[in-house]
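One structure is given below, encoded as structure tokens.
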Amino acid sequence: MRYSIILFLLLPLTAFAQDFQFQLDPDAFPVTINNWQPYQPWAGGMDNSKPELCDLDNDGDLDFFIGGTSYFNIGYFKNIGSANNPEFQYITYQVDSLYPFMDVDFADMNNDGKKDAVLGGFCYFNLGTTSQFNFCGDPDTLFDTAGNRLLCPCSAVVDIDLDGDYDIFAGQTNGYVRYYRNIGTSTNYSFQLISSNWLNTIVSGEYADPCFADLDSDGDLDLLVGTGDGTIYYYRNDGTPQLPQMTYVTDHYFGIDVGADASPELADIDGDGDLDLFVGRSHWANGAVSSGDVYFYLNTGTAQIPNFHLVTTNYLTWNCGDINKPVLVDIDADGDPDLFGTRGYELVLYRNQGTLANPHFVWETDNFANINTLGACNPWFCDIDADGDYDLFVGPGAIPGPPGLYFFRNQGTPQISNFVLESTNLVPGHFTQGSVCLNPCTADIDADGDQDLFVRDNEGYCYFFRNVGTPTNFQFQFVSNNWQNLYDPLGAQAMCFYDIDGDGDLDLFVSHHAFYNQPWDAGLRFYRNIGTPQNANLVLESEDIFPEFLIASTAPYLLDMDQDGDGDLFVGDHFGGLRYFKNVTGDTTAVLQPTKMRPRPNRATLTIGPNPSNPITAISYQLSAVSLVNLSVYDIAGRKVAQLVNGRQNPGDYSISWNATGNASGVYLVRLTTPGEEVTQKVVVLK
């Protein structure tokens, strides 16, 4: 990697707009999703994720790389933990010159002791060292001996015939796996197309993503193939290491279904001697949104007989799956902000179970208050009737248009909300058939004490409705569909007002361009208000305040998250992720803090007594979080003699008895297994 990337670790990730400065903090506050804390929750979302684990910096542990089909390059999360206790730190979504083409594989293609990058029919040689990679050179285009470029949308680079060089398997969009044999040498490769359907390992779903590993620990490579349907095929190698013979076993390996475009990767992430499973996915499946960045399945079996249990769908980052529109409000009046995001047309709640000073967002529901507007869900909370609780505006989607703006009045209390649909067309007669999707927000733009209404649509118009009522009885009057000349032909949508420069009037942050496949048009615009609190005059100051991040479908929300007197910034993105940018204006000491080392979320304890057992002993254990629990007893040869617990249990203390009447005297092992944790105690049976 280039030295500029080394500095990237040490210097703040910032954006400048004259008198304010933001710094990305991907691990700012913990987020818990179904008992798992993503390592870098605020690093942003991923689309068609393709995981690759590799010790590319030669420090003895596995780093995490993410390929995909989006405009940004390969994602890199450095392991700053250890081989058996990983801790991943977000570094960049743009690794050197690597161009995104589905997935990436690392292998020493020229036998110089450094792993090179193979992706999309190209080989990027590692120009760095064994401990500091550098892929900045021009790639070598890969051709077969017939002069045809290798077709590698999803590839696996392995030495399948044990001849000392790397061959390439390329999954195709028709479900076939192509086999290119390296007929050259370990230092000078030459590829020959051997088969367009290698050993008849075809899969369904118009997509194939191969992954080789010795799944049964018999010394040869078996094959997993991800499908476009989101499932995984398993082919067992019943041949030899030099001459494989693949036997079809199942088309639904361990019942895994990630929604669409499954991308399997096997690695021993916890250093226990067996392979664990990571599966990437794409976010759309049959018209539904699939949340998560990378699915993680822990191997609770053995190296010979794996047993994969789903631990989390959000291994690295928080990812709702689709365009995320964040809003933070204190929905339960406990003094700290709660986080709302979007998942398709559903409203997602992450309740703050921490404090104002130390937030901790915990997933609660994907369907808050049963809000259902169909087609899209673009929320905005505001106490529009000044009764002390938050009401809700929701912009829906409708094809063909025009959609109507939904309004839900909170008829509950500040502590316990009760949203009642009051209107499905709050400001009728103004939106056009081409509007399709609405994005509302409110602000007191004329400083008269009540909230005015702004609505952007996907055509790029900004509708302004002045509140001519009172703070307790709103009445919106249409003023303009191109307020302050904010029309954007590329279809700007989400927006948020905030007095970022502290001069008493409201400035504006607004998304620029809604699509993810044209990064030169994506970004977050900033308009400074050079008018007064009563008469706004917005002037475009920056086309994109974060050009280095290439954030698509930006959705901004600002509030003083750290209570230091300035506005911090949350930015949702096209792939369902969320970035947090701390406002470090004036803080000359601000640096990007190292990732906070977090305890494993599933910490468990195990005690046994009496011991020796004659013949009944009590087994007690404690769970710190909701866990998938297996409690079994094994003899000294490793044979299971009793299974006492196998299922999901809540946090707490548990006690269970084991009656060894039917077992011979001797030493036995009591093993408690939860995701990410295994505790074993010896018990002696005396008769």
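Each residue takes its place number in the sequence, starting with 1. Note that the structure is predicted; figures quoted are calculated from it, not measured.
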### Task
Compute the centroid of each ring, for Phe340 and then for Phe368, and state whether the two points are separated by less than 6.0 Å.
yes
### Query
Does a donor on one side chain and an acceptor on the other come within less than 3.5 Å for Asp261 and Ser282?
yes
### Message
List the residues meeting ring-ring contact (aromatic ring centres under 6.0 Å, His included) with Tyr580, not counting sequence neighbours, and say none if there are none.
### Response
Phe29, Phe570
### Query
For residues Glu459 and Thr432, is any side-chain donor paired with an opposing acceptor at under 3.5 Å?
yes
### Task
Could I get the full list of salt bridge (charged side-chain N to carboxylate O under 4.0 Å, His left out) partners for Asp387, not counting sequence neighbours?
none
### Summary
So CG of Asp450 and CD1 of Ile384: to nearest 0.5 Å the spacing works out to 7.5 Å
### Task
Please state whether the rings of Tyr406 and Phe408 are parallel, tilted or perpendicular, taking 30° and 60° as the class boundaries.
parallel
### Query
When you measure from the side chain of Asn410 to the backbone N and O of Asn418, does any donor-acceptor pair fall under 3.5 Å?
yes
### Task
Establish, yes or no, whether a centroid distance under 6.0 Å links the rings of Tyr463 and Trp483.
no
### Query
Under the 3.5 angstrom rule, does the side chain of Asn529 hit a backbone N or O of Leu506 as a donor-acceptor pair?
yes
## Note on the structure
Rounded to the nearest 0.5 angstrom, the CZ-OG1 distance for Phe509 and Thr554 is 11.5 Å
#### Entry: Ala43 backbone acceptor or donor facing Thr317 side chain under 3.5 Å
no
### Message
Assess, by modelled atom type and distance only, whether the side chains of Asp444 and Gln451 contain a donor and an acceptor separated by less than 3.5 Å.
### Response
no
### Task
Say whether, by atom type as modelled, one donor and one acceptor occur between the side chain of Ser417 and the main chain of Phe419 under 3.5 angstrom.
no
### Task
Assign the ring pair Tyr76 / Phe65 to parallel, tilted or perpendicular, where the plane angle (0 to 90°) is split at 30° and 60°.
parallel
### Query
With no hydrogens and no angle check, do the side chains of Asn583 and Thr585 hold a donor and an acceptor under 3.5 Å apart?
yes
### Task
Please name the pair of heavy atoms, one in Leu578 and one in Asp573, separated by the smallest distance, quoted to 0.1 Å.
N-OD2, 4.2 Å
### Task
Among Phe381, Tyr350, Phe361, find the one that has a side chain to side chain contact (heavy atoms under 4.5 Å, CB included) with Leu328.
Phe361
### Query
What residue pairs, at least two apart or across chains, pass salt bridge (charged side-chain N to carboxylate O under 4.0 Å, His left out) with a residue in residues 413-426?
Arg409-Glu422
### Task
Applying ring-ring contact (aromatic ring centres under 6.0 Å, His included), name anything that partners Phe393, two or more places apart in sequence or on another chain.
Phe407
### Query
Should the ring pair Tyr315 and Phe64 be called parallel, tilted or perpendicular, given that the plane angle runs from 0 to 90° and is split at 30 and 60?
tilted
### Task
Answer yes or no: is there an ion pair linking Asp488 with Arg525, defined by an N-O contact shorter than 4.0 Å?
yes
### Query
What's the shortest heavy-atom distance between Leu426 and Phe476, and which atoms?
CD2-CE1, 4.2 Å
### Message
So does Ile445 get a backbone contact from the side chain of Asp452, meaning a donor-acceptor N/O pair under 3.5 Å?
### Response
yes
### Query
How close do His360 and Asn352 get, heavy atom to heavy atom, and via which atoms?
N-OD1, 3.1 Å
### Query
So how far is it from Asp566 CG to Asp499 CG, rounded to the nearest 0.5 Å?
11.5 Å
### Task
Kindly indicate whether the side chain of Leu438, heavy atoms from C-beta on, has any atom under 4.5 Å from the side chain of Phe431.
yes
### Task
Say whether, by atom type as modelled, one donor and one acceptor occur between the side chain of Arg281 and the main chain of Gly292 under 3.5 angstrom.
yes
### Query
Taking it one step at a time, do Val31 and Gln37 satisfy side chain to side chain contact (heavy atoms under 4.5 Å, CB included)?
CA-CA 6 Å; Val31 174; Gln37 291 184 16; over 6 Å; no
### Message
Run the salt bridge (charged side-chain N to carboxylate O under 4.0 Å, His left out) test against Asp501 and tell me which residues pass, sequence neighbours left out.
### Response
Arg528
### Message
Between Thr312 and Asn314 (side chain of the first, backbone of the second, donor and acceptor by atom type, cut-off under 3.5 Å), is there such a pair?
### Response
yes
### Query
With sequence neighbours excluded, what pairs up with Phe478 under the ring-ring contact (aromatic ring centres under 6.0 Å, His included) test?
His430, Phe465
### side-chain hydrogen bond (donor to acceptor under 3.5 Å, both in side chains) evaluation trace for Gln534 with Asp446
CA-CA 4 Å; Gln534 296 77 22; Asp446 50 11; over 6 Å; no
### Query
Asp330 side chain to Asp334 main-chain N or O, any donor-acceptor pair under 3.5 Å?
yes
#### Entry: Heavy-atom check, side chain of Arg456 versus side chain of Phe454, under 4.5 Å
no
### Query
Is there a donor in the side chain of Trp363 and an acceptor in the side chain of Thr32, or the other way round, less than 3.5 Å apart?
no
### Query
What class does the angle between the rings of Tyr487 and Tyr461 fall in, given that below 30° is parallel, 30 to 60° is tilted and above 60° is perpendicular?
tilted
#### Entry: Side-chain heavy-atom pair Ser511, Met495 within 4.5 angstrom cut-off
no
### Task
Start with the C-alpha distance between Asp568 and Phe22, add both sets of side-chain angles, then the distance that settles side chain to side chain contact (heavy atoms under 4.5 Å, CB included), and finish with yes or no.
CA-CA 8 Å; Asp568 306 297; Phe22 291 111; 5.6 Å; no
### Query
So does Ile416 have more than 12 non-hydrogen atoms from other groups sitting under 6.0 Å from CD1?
no
### Message
Please give me the minimum heavy-atom distance between Pro359 and Pro30, naming the atom from each residue.
### Response
O-CD, 3.4 Å
### Task
Would you check if Asp96 and Cys136 make a side-chain contact, meaning some heavy-atom pair closer than 4.5 Å?
yes
### Query
Hey, is the main chain of Asn473 close enough, under 3.5 Å, to the side chain of Thr470 for a donor-acceptor pair?
yes
### Query
Which atom names give the shortest non-hydrogen contact between Pro533 and Gly504, and what distance separates them?
CG-O, 3.3 Å
### Message
Does any part of the side chain of Pro38, heavy atoms only, come nearer than 4.5 Å to the side chain of Leu316, both counted from C-beta?
### Response
no
### Query
Can you tell me if Asn367 uses its side chain to pair, donor with acceptor, with the backbone of Glu346 under 3.5 Å?
no
### Query
Going by heavy atoms in the side chains, are Trp380 and Pro440 under 4.5 Å from each other?
yes
### Query
Are Tyr90 and Phe88 near enough that their ring centres are under 6.0 Å apart?
no
#### Entry: Side chain to side chain, Tyr527 and Val510, heavy atoms closer than 4.5 Å
yes
### Task
Decide yes or no on side chain to side chain contact (heavy atoms under 4.5 Å, CB included) for Leu405 and Leu453, but give the supporting numbers first.
CA-CA 11 Å; Leu405 184 64; Leu453 174 65; 3.8 Å; yes
### Message
Could you report the tightest heavy-atom contact between Gly341 and Asn324, atom names first, then the distance?
### Response
CA-OD1, 3.3 Å
